[in-house]
Number of protein chains: 2
Amino acid sequence: MAAEPVEAAASAAPAAPGTPGTPERPGTPGTVRPGGRTARVRAAVLRAAEDALVEHGFGGLDLADLAQRAEVGRTTVYRRWGSTTALVADLLTDMAEQSLPRSRSGSLAEDLRANARLVRRTLADPRQGALFRAVIVAANGDPGTAEALRHFYRRRVEEWAPCVTEAVERGELPPDTDPFEVIRAVSAPLYYRMLTTAEPLDEPAADRAAAAAEAAARAGAYRRQEP
Amino acid sequence: MAAEPVEAAASAAPAAPGTPGTPERPGTPGTVRPGGRTARVRAAVLRAAEDALVEHGFGGLDLADLAQRAEVGRTTVYRRWGSTTALVADLLTDMAEQSLPRSRSGSLAEDLRANARLVRRTLADPRQGALFRAVIVAANGDPGTAEALRHFYRRRVEEWAPCVTEAVERGELPPDTDPFEVIRAVSAPLYYRMLTTAEPLDEPAADRAAAAAEAAARAGAYRRQEP
DNA sequence: CCCCTAATGGGACTCCCGTTCCGTTAGGAT
DNA sequence: ATCCTAACGGAACGGGAGTCCCATTAGGGG
C-alpha cells in the first residue's frame, strides 16, 4: 500500500491515561515524524491485523500476537493504538483510501447488478468476508470505529451513485430519487444475510438484491419527498 | 487449552423457561434436575446478561460482574455457560420463545409498514437496540451463537410471513413469491443502517423500507424461479 | 555529516479473567 | 420425612493481557 501521509489515527488517538506532563505522546509540541520507520511499522501492523482478523475474528484479536506477526515491539502497538477497536478504526481509514474501479455500462439494471455481484463476491470470499465481518463487529463496539466505518461506506457509495444519477437524468427514475439510498438498498439485503440470517450468499441472491432495488427505485420508493 | 465438556446448554439447547441445564459430568448418568433453583439461577443470569449487554455491549461483557449482578456464584456461571458467546446463545433461545403479537390488517402495504415500524422502533429503542446490536455482534464471533440467532429470526419471520402469503392468494403478488424473502427485505435496510452506515433510524426510513419491499415484491423480484 | 529527539523495543511488574478444588445447599425420588 | 446427589458457592491458584520504565535506534533539520 502507498505510504500515505500522516496518522489517520486522529479519531482513534491513543488515550493518554498517564500523567499530564508526560512527553512522547502525539499532540506534544515538537516535530511529528510520519517518516519511513513509522510508516513501515504502521503498514506492517495493519497488514498483520488484517490477517489476524481473518483468522480469529475481532473477538480473538490479540495485540501481543499481532506485534509478533508484524515483527514489532508489543509496546509500540499498545502505545500507538492502545486498543483493538482503535486499531481497526485505523485499518478502516486505510481501507477507505483504496478505491475499487467500478464498471459503467450505461444501463441502470446492469450497473446495479454489477454492484450487487461485487458486494456479494466480497462478502462471500473467505478472506474478505471474514475481514468485513470483523470490522463491522468492531465498529459496533466503539464510536470511533463506527465513525471510521461510516466514512468507509460513504466513500464506496459515492463511487457508485453516479450510475443512479445518470439513470435519473435519462428519465428512467423519478427526478427526486436519492442515489445513495438506491445504492445502499442493493447492499442491505446482502449484509443482512451475512450478519444475521446466515443464508447462502450466492449469485442469485445478488441478482435479486439488484432487481429489487431497481424495481423499488422505479416505483419511487427512494424519492426524497413522499408523494 | 483443552475444552472439557463444560459446553453447556448453549450451542444447541432448545430450552423452555425453567429448562434443565445440561448434565455435565461425563460419568454421571444420574437424574437431571430442571428444578426450581436451577431455573431461578438461569433466569437471574439471563436477565443480568441483558442489562450488562445493554450497558457495556458484548465486548464489555464480564462473567464475573454478571455473577455479582445476578447474585450468583462466579463458578456457577463459568460452569453452566463457559463463555460469553455461549451465554448469549442461551439468551437468544430464551428470546426466541417470547413472541410478539403481530397486527393483521388485511392490507399488504399496511402489514409491511406495521412490521417495518415495529422493527424500527425496536432497533431505535436505546435498550432493545443496544441488546440486538450486542447479540448480533456475539453471533458473528461464534458458530453456536450464530445458529441461535438464525433460529430467533426464523421464528420472527415465520410470524409475519402469512400476510405475504395472503396477499399472494388475493392475487396482489406473483404466485411464486417467497414470503420469507419479502419479510426479510423489510428488515434488511433497517439492520443495515444500524450495523454499518449508522444513519438515523426514523419512521420515514421504516416506511421507505416497507414501500420498497412491497414494490419489489409486486415487480416479482422475490419470485422463487427466475423468469 | 552530525546532532537532537521522536519513536521503537525489551523486560519486569501488576492485575484480573478463567480454572480448579472442595465443602455446602437444596431438588426430588422413595 | 429421609436420603442421595445434582447443582451451587467460596476461596485460592495460574496464566496471560496490558502497563511502566528505561535503554536503543533512526528520521530529518541544520
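Chain letters run A, B, ... following the sequence lines, proteins first, then strands; residues in each count from 1.
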Report summary line: By side chain to side chain contact (heavy atoms under 4.5 Å, CB included), A/Ala70 pairs with (sequence neighbours left out) A/Ala44, A/Val45, A/Ala48, A/Val72
Report summary line: Among the nucleotides D/dC8, D/dA17, C/dT8, whichever has the atom closest to the side chain of A/Ala64 is D/dA17
Report task. Return the set of residues passing side chain to side chain contact (heavy atoms under 4.5 Å, CB included) with B/Thr75 (not counting sequence neighbours), or none when no residue passes. Result -> B/Arg79
Query raised in the report: Is there any salt bridge (Lys or Arg N to Asp or Glu O under 4.0 Å) pair reaching into residues 54-74 of chain A, and which pairs are they, with sequence neighbours excluded?
Result: A/Glu55-A/Arg69, A/Asp65-A/Arg69
Query raised in the report: CD of B/Gln68 versus P of D/dG9: gap in Å, rounded?
Result: 13 Å
Query raised in the report: Rounded to whole angstroms, how far apart are CG on A/Asp65 and C1' on D/dG18?
Result: 15 Å
**Report entry** Electrostatic pair B/Arg117-B/Asp207, nearest N-O below 4.0 angstrom
**Finding:** yes
Query raised in the report: Within a strict 4.5 Å, meaning less than it, do heavy atoms of the A/Thr38 and A/Arg80 side chains meet?
Result: yes
Query raised in the report: Could you give the CG-to-C1' distance, from B/Leu63 to C/dG18, as a whole number of Å?
Result: 9 Å
Query raised in the report: Between atom CZ in A/Arg80 and atom C1' in C/dA6, what is the gap in whole Å?
Result: 11 Å
**Report entry** Inter-end axis angle, the helix from C/dC1-D/dG30 to C/dT30-D/dA1, with every axis fitted to five base pairs (rounded, 10 degrees)
**Finding:** 50°
Query raised in the report: By side chain to side chain contact (heavy atoms under 4.5 Å, CB included), which residues pair with A/Thr84, not counting sequence neighbours?
Result: A/Phe58, A/Leu61, A/Leu63
Query - Test side chain to side chain contact (heavy atoms under 4.5 Å, CB included) applied to A/Pro126 - qualifying residues, sequence neighbours left out - result: none
Query raised in the report: Taking OP1 and OP2 of C/dT19, is either one under 4.0 Å from a side-chain nitrogen or oxygen of B/Tyr78?
Result: no
Query raised in the report: With sequence neighbours excluded, what pairs up with A/Tyr222 under the ring pair (Phe, Tyr, Trp, His ring centres under 6.0 Å) test?
Result: none
Only distances under 3.5 Å count here; give the side-chain donor-acceptor pairs of residues 148-157 of chain A to other protein atoms, sequence neighbours excluded, each with its distance to 0.1 Å.
residue: A/Arg150; atom: NE; partner: A/Glu147; partner atom: OE1; Å: 3.4
residue: A/Tyr153; atom: OH; partner: A/Tyr191; partner atom: OH; Å: 2.8
residue: A/Arg155; atom: NH1; partner: A/Ala96; partner atom: O; Å: 3.3

Polar atom pairs between nucleotides 10-13 of chain C and protein, under 3.5 Å, N or O only, would you list them?
residue: C/dG10; atom: N7; partner: A/Thr75; partner atom: OG1; Å: 3.3
residue: C/dG10; atom: O6; partner: A/Thr75; partner atom: OG1; Å: 2.8
residue: C/dG11; atom: O6; partner: A/Thr75; partner atom: OG1; Å: 3.3

Query - Nearest-Å distance for atom pair CH2/C1', residues B/Trp81 and C/dC17 - result: 18 Å
**Report entry** B/Arg37 CZ to C/dT24 P, straight-line distance once rounded to whole Å
**Finding:** 14 Å
Query raised in the report: Rounded to whole angstroms, how far apart are CG on B/Leu66 and C1' on C/dC17?
Result: 14 Å
Query raised in the report: Rounded to whole angstrom units, what separation is found between the CZ atom of B/Arg79 and the P atom of C/dT25?
Result: 15 Å
